[in-house]
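Here is how names work: the chains are called A, B, and so on, in the same order as the sequence lines, proteins then strands, and each is numbered from 1.
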Amino acid sequence: MLYKTLRKEAFRSVVEAILAGSEGVGPRRVGTDRRGKPIHQFLPAERFEDMDFSYDTTEFSAKTYFLPFREKLSTYRFTDGDWEQEIRYRAEPRALIGLHACDINALLRLDKVFARDWYPSPYYLSRRRNTFILGIDHDPCEGAFCRALGTDTVTHGFDLFLTDIGESYFAAVGSDRGLALIEGFGAQPITDEDSHRYVAERKRIAALTENGLNLNNLPNLLDIEFKSPIWAKWGAKCLSCGTCAMVCPTCYCHGVYERISMDFREGAKIRQLHSCTLVDFAVVAGGHNFRPTPESRLKYRYYHQHRGFVEQHEEPKCVGCNRCGRACLAGITPVEVIRELQEEVGP
Amino acid sequence: MRYLKIDSPRPRIAVFDFTDCEGCELQLANKEETLVPFLNAVEIVDFREIATGEGEDYEIAFVEGAISRSDEVERLKVIRGKARLLVALGSCACFGGVNRMKNAYDLDAANAEVYGPTPKETLPVRSVKEVVPVDLEIPGCPVCKDEVERIVRHLVLDVPFAFHAYPVCVECKQRFTTCLMEKGQLCLGPIVRAGCEAPCPAGGLGCWGCRGPAEAPNVEEFFALAKARGFTDGEVSERMAFFGGFEGIAAGGTR
Ligand code: SF4
Ligand code: SF4
Ligand code: SF4
Ligand code: SF4
């Protein structure tokens with residue numbers, strides 16, 4: 001990794017240069033919640049002022065810019081006795097500005113599934129390659145447990161990642177295009193003092209992030225607790241609304257369906273994000289539902305996050321952002337569910 | 001379309017209205033960008049709002065409105081007798097709709113309230129299926145034209161149609177709507193069937209449940225979470241009763 005420092009005043013110019021060159025998406029304030037706190041979302045922005053980089057978290061994650069809620073995979077047109085198919089996965093350049101470490105780590109999880117597994121997705125790859133990512137370090141957000149998952153820091157998967165070290169930013173440079181960009185705005189080589197400041201700042205943030213949660217051995221714990229009454233307790237509250245998976249930066253389960261145009265001459269294959277907590281997620285041909293109860297569906301969401309994915313990809317899928325917990329109207333939060341499971345098997 | 005008893009490639013349809021506002025019919029005539037192909041996919045035999053002529057050889061009858069008079073009962077039975085497929089169109093036809101609120105009052109008192117000294121013959125409001133057998137129900141106040149188009153295409157192509165089992169919240173996510181419950185409003189979305197594309201929350205209004213319950217709604221937890229946010233059982237019940245879709249489900253609040 002290459003490190004540089006960037007003067008504080010240059011940040012605005014860097015962002016404006018990005019916005020001048022491509023579509024920009026960043027944290028925008030969209031409202032106020034019932035407790036008076038601001039609500040943010042990652043949305044397209046045209047000006048520096050449109051974005052609020054002091055945001056805590058966003059209601060929705062940035063995954064939608066790589067895996068849209070709905071996306072046309074192909075279209076086909078019927079002509080006399082024949083048909084033509086069109087597949088488009090060219091993505092226009094876009095920049096995601098102001099992502100936190102957990103969200104970049106979430107993209108690395110999605111990379112494992114859509115870029116590095118047996119069947120890479122050209123749709124995902126083209127968006128991922130054409131998206132410039134500028135990350136920023138921040139004080140921990142409420143309810144998050146990124147520290148326990150090691151996702152409060154990030155080492156790759158971005159173009160630039162900035163940590164505030166007082167007078168300047170300590171910039172981790174993850175790509176040539178990231179380097180070229182800040183070189184144009186007076187980036188300097190780091191000094192020993194910069195490094196010390198950076199390490200001290202990371203320690204300060206890490207201490208704030210610490211919430212005592214220890215996820216060591218969680219996959220085995222989940223296996224042991226498969227029949228725990230704790231699942232029934234939370235399952236009884238679950239609304240099967242799918243919101244947790246929709247807002248999660250790593251939930252990628254989807255369905256594919258076909259849609260025909262009203263004149264019956266054109267069709268499309270469409271991918272739509274689905275959720276394992278929705279009532280018909282595990283319905284198969286013939287109508288049998290393998291997960292007929294909210295309890296079984298909720299449980300399997302935790303199993304995919306913290307057990308199944310570990311078996312396939314050597315780390316949990318969850319990055320601890322707690323978006324699911326914040327958005328759940330029934331108040332089901334991962335920290336509470338996991339703590340209860342841990343307490344059940346003893347201290 | 002043989003799965004619903006119809007064989008012709010261009011089904012002959014008729015549209016009839018009962019106790020309603022005719023808004024769902026109007027939806028059928030809306031959405032100009034696909035109106036021509038939509039009308040080409042079917043053959044209109046009788047549809048007072050957009051066509052002259054009153055043919056009787058229809059295969060599919062779209063019935064809009066609730067049933068609230070004895071002459072409506074008779075007319076509906078005749079339609080049922082002629083139609084091979086009877087579709088209840090809109091929340092009034094499916095659940096009784098807003099008209100159903102009348103049933104919470106004494107019939108004569110309601111009559112006097114509305115018609116004063118010139119009372120009309122009236123019955124307790126019923127949905128279409130409470131009077132004759134119904135083959136397909138398309139809920140919504142009004143119905144969503146996009147969904148109606150999809151259903152018609154499924155009929156023509158002979159592919160069974162399935163409504164979304166999941167609730168409106170999913171469609172809020174799809175269009176980036178910030179959750180109104182988070183902002184402090186009451187919204188029935190978590191227990192209401194999706195398919196409308198969540199226009200109400202997107203416009204700043206909590207869902208009133210015009211499409212009726214999602215599959216297996218967790219009504220008990222909904223009352224509890226609404227209460228925790230300061231909404232009384234009465235407020236929630238009243239809203240659930242508004243379109244009649246929760247009849248028999250809206251029974252009670254939390255312990
Ligand atoms: S856990 Fe919460 S957000 Fe997820 S489906 Fe259940 S009620 Fe909805
Ligand atoms: S499961 Fe919840 S905490 Fe984990 S990454 Fe997804 S939204 Fe964040
Ligand atoms: S606004 Fe209503 S329908 Fe939309 S997510 Fe919130 S509760 Fe669900
Ligand atoms: S959001 Fe609710 S009230 Fe509005 S159209 Fe959809 S189901 Fe009906």
**Q.** Among the listed options D263(A), L239(A), I39(A), the residue most often paired with chain B at heavy-atom distances under 4.5 Å
**A.** L239(A)
**Q.** Interface residue of largest heavy-atom contact number with chain B, from C238(A), G242(A), P294(A), under 4.5 Å
**A.** C238(A)
Q: Tell me, out of A330(A), G31(A), S275(A), who's got the most heavy-atom pairs with chain B below 4.5 Å.
A: A330(A)
Q: Determine the option with the most heavy-atom pairs under 4.5 angstrom with chain B, choosing from D33(A), L43(A), I260(A).
A: I260(A)
Q: Grab the two heavy atoms, one from K237(A) and one from E221(B), that are nearest each other, plus how far apart they are.
A: O-CG, 2.9 Å
Q) Checking A236(A) against chain B: side chain, backbone, both or neither under 4.5 Å from a heavy atom? A) backbone
Q | Most contacts with chain A, counted as non-hydrogen pairs under 4.5 angstrom, among T34(B), V170(B), T178(B) | A | T178(B)
Q) Which answer fits S261(A), side chain, backbone, both or neither, if we ask what part of it has an atom under 4.5 Å from a heavy atom of chain B? A) backbone
Q. What part of V279(A) is in contact with chain B, defined as an atom under 4.5 angstrom from a non-hydrogen atom: side chain, backbone, both or neither?
A. side chain
Q) M246(A) versus Q174(B): any side-chain heavy-atom pair under 4.5 Å? A) no
Q) Which atoms of F264(A) come close to chain B, meaning under 4.5 Å heavy atom to heavy atom: side chain ones, backbone ones, both, or neither? A) side chain
Q | Short side-chain to backbone donor-acceptor contact, E149(B) and M262(A), under 3.5 Å | A | no
Q. Contact part of L278(A) toward chain B, heavy-atom cut-off under 4.5 Å: side chain, backbone, both or neither?
A. side chain
Q.
Does any backbone or side-chain atom of R175(B) lie under 4.5 Å from a heavy atom of chain A? Answer side chain, backbone, both or neither.
A. neither
Q. When you look at NZ of K72(A), are more than 12 heavy atoms from neighbouring residues, nucleotides or ligands closer to it than 6.0 Å?
A. no
(Q) Heavy-atom pairs under 4.5 Å with chain B - which of H274(A), Q41(A), R265(A) has more of them than the others? (A) Q41(A)
Q. How about E46(A): does its CD atom have over 12 heavy atoms from other parts shown lying under 6.0 Å from it?
A. no
Q: Take atom NZ of K269(A) as the centre, draw a 6.0 Å sphere, and report whether it contains more than 12 heavy atoms from other residues, nucleotides or ligands.
A: no
Q. What are the two closest non-hydrogen atoms of P167(B) and S240(A), and how far apart are they?
A. CD-O, 3.6 Å
Q: Apply side-chain contact (heavy atoms from CB on, under 4.5 Å) to the pair L329(A) and R229(B), showing each step before the final yes or no.
A: CA-CA 10 Å; L329(A) 295 172; R229(B) 285 166 169 77; 3.6 Å; yes
Q: Verify the neighbour count for atom CD of E197(B): are there more than 12 heavy atoms of other residues, nucleotides or ligands below 6.0 Å?
A: yes
Q. Tell me, side chain or backbone of V247(A) under 4.5 Å from chain B's heavy atoms, or both, or neither?
A. side chain
Q | Nearest-0.5 Å distance that lies between atom CD in E59(A) and atom OG1 in T177(B) | A | 8.5 Å
Q) Under 6.0 Å from the CD atom of Q85(A), do we count more than 12 heavy atoms belonging to anything else shown? A) yes
Q: Would you indicate whether E84(A), at its atom CD, is surrounded by more than 12 heavy atoms from other residues, nucleotides or ligands within a distance under 6.0 Å?
A: no
Q: Flag yes if more than 12 heavy atoms outside R88(A) fall under 6.0 Å of its CZ atom; otherwise flag no.
A: no
Q: Supply the atom-to-atom distance E182(B) CD to R34(A) CZ, rounded to the nearest 0.5 angstrom.
A: 5.5 Å
(Q) Once you measure the plane-to-plane angle for F60(A) and F176(B), does it fall in the parallel (<30°), tilted (30-60°) or perpendicular (>60°) bin? (A) parallel
